[in-house]
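Down below is the structure, laid out as structure tokens.
These figures come from a predicted structure and were not determined experimentally. So you know, we letter chains A, B, ... as the sequences are listed, proteins then strands, and number each from 1.
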2 protein chains.
Amino acid sequence: MSTIGSLALNSIHQGDCVALLKQIPDNSVDLIFADPPYNLQLNGELTRPNQTKVDAVDDEWDKFASMEIYDAFTTDWLKECHRVLKNTGSIWVIGTYHNIFRVGASLQDLGFWMLNDVVWIKTNPMPNFKGTRFNNAHETMLWAAKSEKSKYTFHYHSMKTMNDDLQMRSDWFIPICQGEERLKVNGQKAHSTQKPEELLYRVILSSSNVGDIVLDPFSGSGTTAAVAKKLGRNFIAFEREPFYIDVANNRLKEIIPIKDSLLEYKVEVKKPKVPFINLIDKEFIKVGDFLFSKDEKHTAQVQADSSIESNGFAGSIHKVSAHVLGKESNNGWTFWYVKQQGKLISIDDLREAFANQYLR
Amino acid sequence: MSTIGSLALNSIHQGDCVALLKQIPDNSVDLIFADPPYNLQLNGELTRPNQTKVDAVDDEWDKFASMEIYDAFTTDWLKECHRVLKNTGSIWVIGTYHNIFRVGASLQDLGFWMLNDVVWIKTNPMPNFKGTRFNNAHETMLWAAKSEKSKYTFHYHSMKTMNDDLQMRSDWFIPICQGEERLKVNGQKAHSTQKPEELLYRVILSSSNVGDIVLDPFSGSGTTAAVAKKLGRNFIAFEREPFYIDVANNRLKEIIPIKDSLLEYKVEVKKPKVPFINLIDKEFIKVGDFLFSKDEKHTAQVQADSSIESNGFAGSIHKVSAHVLGKESNNGWTFWYVKQQGKLISIDDLREAFANQYLR
DNA sequence: CCCTGTACTGAATCAGTAT
DNA sequence: GATACTGATTCAGTACAGG
């Protein structure tokens with residue numbers, strides 16, 4: 001069995017998440033999903049129009065004496081999360097208007113770099129029984145990288161495919177967790193706030209790789225661990241309540257991982273790196289050839305050292321394209337074209353042709 | 001012309017919003033809509049796949065030296081907003097993940113009471129050109145009352161009607177502002193972040209009344225003022241840039257207010273009050289009659305003083321219904337039924353029959 | 001077996017007015 | 001400001017019983 005620091009992987013550990021996080025080495029976790037207490041601050045009872053009582057979230061774990069205490073709690077666990085997260089990793093935190101602004105501000109203050117706020121739009125939320133507000137029909141998930149400059153994992157093309165070949169948007173339409181998926185113990189819901197697996201499916205698939213380590217500091221009913229196992233990731237989860245750990249472990253026993261071969265990111269285009277010089281080597285482009293911008297307003301000539309030169313300015317295909325555009329940087333592959341039989345051909349297409357011929 | 005403090009109503013005032021807010025008396029504004037700078041922190045230029053430049057928000061008014069300075073700015077104007085807001089009023093603030101957590105936390109810290117976070121889901125957002133994140137397809141609006149205990153205006157039934165007779169939810173599907181609605185000057189968009197009128201239409205209609213005072217501290221292209229005028233509200237707006245004030249004033253000239261008679265909240269239920277004794281007076285129910293709960297498990301007999309008595313417990317229709325249910329309080333009108341020709345008739349229906357006959 | 005009607009449920013900061 | 005009294009209010013989906 002593999003471990004991380006002194007803690008076993010693919011296991012739910014009992015205890016306070018901050019204390020347990022401290023046992024994890026710096027920069028060792030690929031993905032964090034956190035579903036912390038929301039600090040709902042519900043007052044009295046709520047009855048439906050038919051006089052029945054609403055089974056509210058009144059668990060002790062959601063009670064905080066003040067917003068200051070909630071803020072301190074939030075900063076504590078997020079700080080440790082920042083420390084253990086790899087530079088290539090990212091974190092997701094879910095919440096509602098009760099707590100999400102505290103979480104968001106804390107993330108930013110700790111140096112995390114916000115990537116998206118994704119709204120989980122509930123197709124079947126509980127109504128507002130008293131007619132006092134808009135039906136609170138969504139929750140918010142924050143997705144953030146470790147820092148502004150860090151390179152995070154994101155399977156753009158897979159998400160696009162999942163969304164009918166349109167870019168996956170920041171609004172996700174998913175039903176609340178009910179029916180067969182909802183865990184029950186003696187006919188009662190095992191956990192008051194079990195999240196739908198569909199949510200975690202998208203989170204884990206979009207922002208981690210097979211074999212990665214996924215951490216959940218507030219494991220609860222174990223949805224993160226269950227979906228991580230299903231998707232061939234390693235998980236490490238923390239939970240204070242032994243009852244929830246039992247529930248989650250029973251759940252995990254039933255999970256059958258999806259076969260590795262089915263988990264490959266088949267639609268992710270992994271363009272092999274092709275240095276420009278390779279195209280010259282194989283005479284896709286010859287030294288002395290001219291490159292053109294698409295509108296043919298800019299030209300450059302290919303030099304022997306694979307640099308190109310335009311009106312006395314020389315450099316890489318990228319540098320020169322940026323220079324003629326007056327920009328800091330630019331992608332030369334998509335900027336430059338060669339002329340063959342009077343037609344402009346993108347050098348990016350030549351790169352692909354080269355890769356098909358020599359790199360398969 | 002009417003004024004508020006020393007400032008003219010239905011006018012856009014040039015200047016810093018905090019300085020101008022200070023000229024407004026305490027508790028004098030019914031509704032605030034604020035579209036503050038988002039502090040986007042965009043670095044460098046963004047180009048589309050075809051190398052054209054994306055016309056990004058790069059206005060000076062969106063630049064802040066640090067998050068601390070942005071926070072201080074946010075607290076400054078929100079504090080004044082809290083002071084000038086009536087106890088019956090509410091505030092809306094729109095933003096994105098760049099700034100909305102700072103705004104939300106500040107609102108909470110200043111004593112505002114969060115009512116909803118409403119997501120404006122863009123039916124036609126700008127794509128994420130680089131394929132590096134989820135398409136940021138929404139913005140977030142926070143709606144808050146002045147304090148936890150304050151009574152705010154909310155036209156529940158109107159919003160329900162507007163939403164095909166289902167409760168209006170916290171997710172609003174509205175296109176971004178483009179086409180005819182988008183203000184242009186010399187072919188260029190007049191303001192980089194003009195909001196769609198549909199958004200303000202819902203905001204103003206849901207949470208203010210005809211004749212109310214609507215304040216916008218960051219007027220910009222004047223959408224709030226325009227919709228307020230259209231909907232028969234008074235507005236007071238602040239803006240630093242004279243250019244935007246010109247644009248907005250030209251826009252306002254064209255706005256024709258909707259006729260008052262069309263602005264009434266016709267679907268808001270104003271049931272005339274009918275005391276139970278009235279039904280006895282007019283013999284819809286007779287002294288000595290029996291009342292039944294719907295399941296007929298509970299019965300009570302009507303007394304001469306309009307109290308009812310059930311198994312030795314006497315009181316109002318409400319008190320007795322609460323007593324037999326073992327609850328603190330209950331609505332007796334919807335709990336009790338009378339039997340006529342063997343069929344149960346709700347006393348709430350009898351009340352309506354009485355009102356139709358005697359109170360028109 | 002299917003169809004129908006009833007009961008139940010879900011992260012909810014859930015009342016307003018008069019005295 | 002506190003207390004007492006009146007009275008307003010639900011959507012989508014699952015589970016199950018009865019026919």
Which residues share a ring pair (Phe, Tyr, Trp, His ring centres under 6.0 Å) with B:Trp172, sequence neighbours left out: A:Phe134, B:Trp92

Atom CG of B:Asn331 and atom P of C:dA15 are separated, to the nearest Å, by 14 Å

Is the phosphate of D:dT10 approached by A:Arg133 (side-chain N or O, under 4.0 Å from OP1 or OP2)? no

Under 4.0 angstrom between B:Tyr152 side-chain N/O and C:dG16 OP1 or OP2: no

Want to settle it: does B:Gly332 or B:Asp165 sit nearer the 5' end of DNA chain D, counting the closest nucleotide to each? B:Gly332

To the nearest 0.5 angstrom, please state how far the CZ atom of B:Arg233 sits from the CG atom of B:Asp212. 6.5 Å

Let me know the distance between NZ of B:Lys151 and P of C:dT17, rounded to the nearest Å. 8 Å

Atom CE of B:Met159 to atom P of D:dT10: distance rounded to whole Å? 15 Å

Rounded distance [0.5 Å steps], CD in A:Glu197 versus OG1 in A:Thr224: 10.0 Å

Return the value, rounded to whole Å, for the distance between atom CZ of B:Phe335 and atom C1' of D:dG7. 15 Å

Between A:Asp59 and A:Trp61 (side chain of the first, backbone of the second, donor and acceptor by atom type, cut-off under 3.5 Å), is there such a pair? no

Can you give me the dot-bracket string for DNA chain C, 5' to 3', counting Watson-Crick and G-U wobble pairs with both distances under 3.5 Å, using [ ] for crossing pairs and | for partners on another strand? .|||||||||....|||||

Please check if the number of heavy atoms outside A:Gln188 that lie under 6.0 Å from its CD is greater than 12. no

Nucleotide-resolved protein contact map, nucleotides 4-12 of chain C, B/S/- at heavy-atom distance under 4.0 Å: -----BBBB

Any donor-acceptor N or O pair under 3.5 Å, side chains A:Thr223, A:Arg251: yes

Distance below 4.0 Å between B:Ser316 side-chain N/O and D:dT6 OP1 or OP2: yes

After noting the C-alpha distance and the side-chain angles of A:Val119 and B:Asp171, does the key distance pass the side-chain contact (heavy atoms from CB on, under 4.5 Å) rule? CA-CA 9 Å; A:Val119 284; B:Asp171 46 353; over 6 Å; no

Identify, with sequence neighbours excluded, every residue that meets ring pair (Phe, Tyr, Trp, His ring centres under 6.0 Å) alongside B:His323. B:Phe313

Take atom CD of B:Glu148 and atom C1' of D:dG1, then tell me their distance rounded to the nearest Å. 16 Å

Can you tell me if A:Glu180 has over 12 outside heavy atoms packed within less than 6.0 Å of its CD? no

In whole Å, what separates the P atom of C:dC8 from that of D:dT9? 23 Å

Starting at atom CG of B:Leu166, determine the distance to atom C1' of D:dT10, rounded to an integer number of angstrom. 10 Å

Starting from C1' on D:dA4, measure out to NZ on B:Lys319 and report it in whole angstrom. 7 Å

What contact category does B:Gln167 fall into here, base, sugar-phosphate, or nothing, at under 4.0 angstrom with non-hydrogen atoms? sugar-phosphate

Can you tell me the distance, in whole Å, between the CD atom of A:Glu181 and the P atom of D:dG13? 15 Å

Does NZ or CZ of B:Lys282 fall inside the cone over B:Tyr358's six-membered ring, less than 6.0 Å from its centre and within 45° of the axis? yes

Taking C:dC1 as the reference, what is the distance to D:dA17 when you measure between their C1' atoms (whole Å, please)? 16 Å

Using a 4.0 Å cut-off on heavy atoms, which residues in residues 280-308 of chain B reach DNA chain C? List them by number, or say none. none

Non-hydrogen side-chain atoms of B:Trp143 and B:Ser206 separated by less than 4.5 Å: no

Phosphate contact (D:dG7 OP1 or OP2) by B:His318 side-chain N/O below 4.0 Å: yes

Taking only N and O in the side chain of B:Lys160, is any of them less than 4.0 Å away from OP1 or OP2 of D:dT10? yes

If you measure from CG on B:Asn87 to NZ on B:Lys151, what distance do you get to the nearest 0.5 Å? 11.0 Å

Looking only at atom P, what distance separates C:dC14 and D:dA12, rounded to whole Å? 23 Å

Output all residues satisfying ring pair (Phe, Tyr, Trp, His ring centres under 6.0 Å) with A:Tyr38, sequence neighbours left out; order by chain, then residue number. none

Whole-angstrom distance between C:dA12 and D:dA8, as gauged at atom P: 25 Å

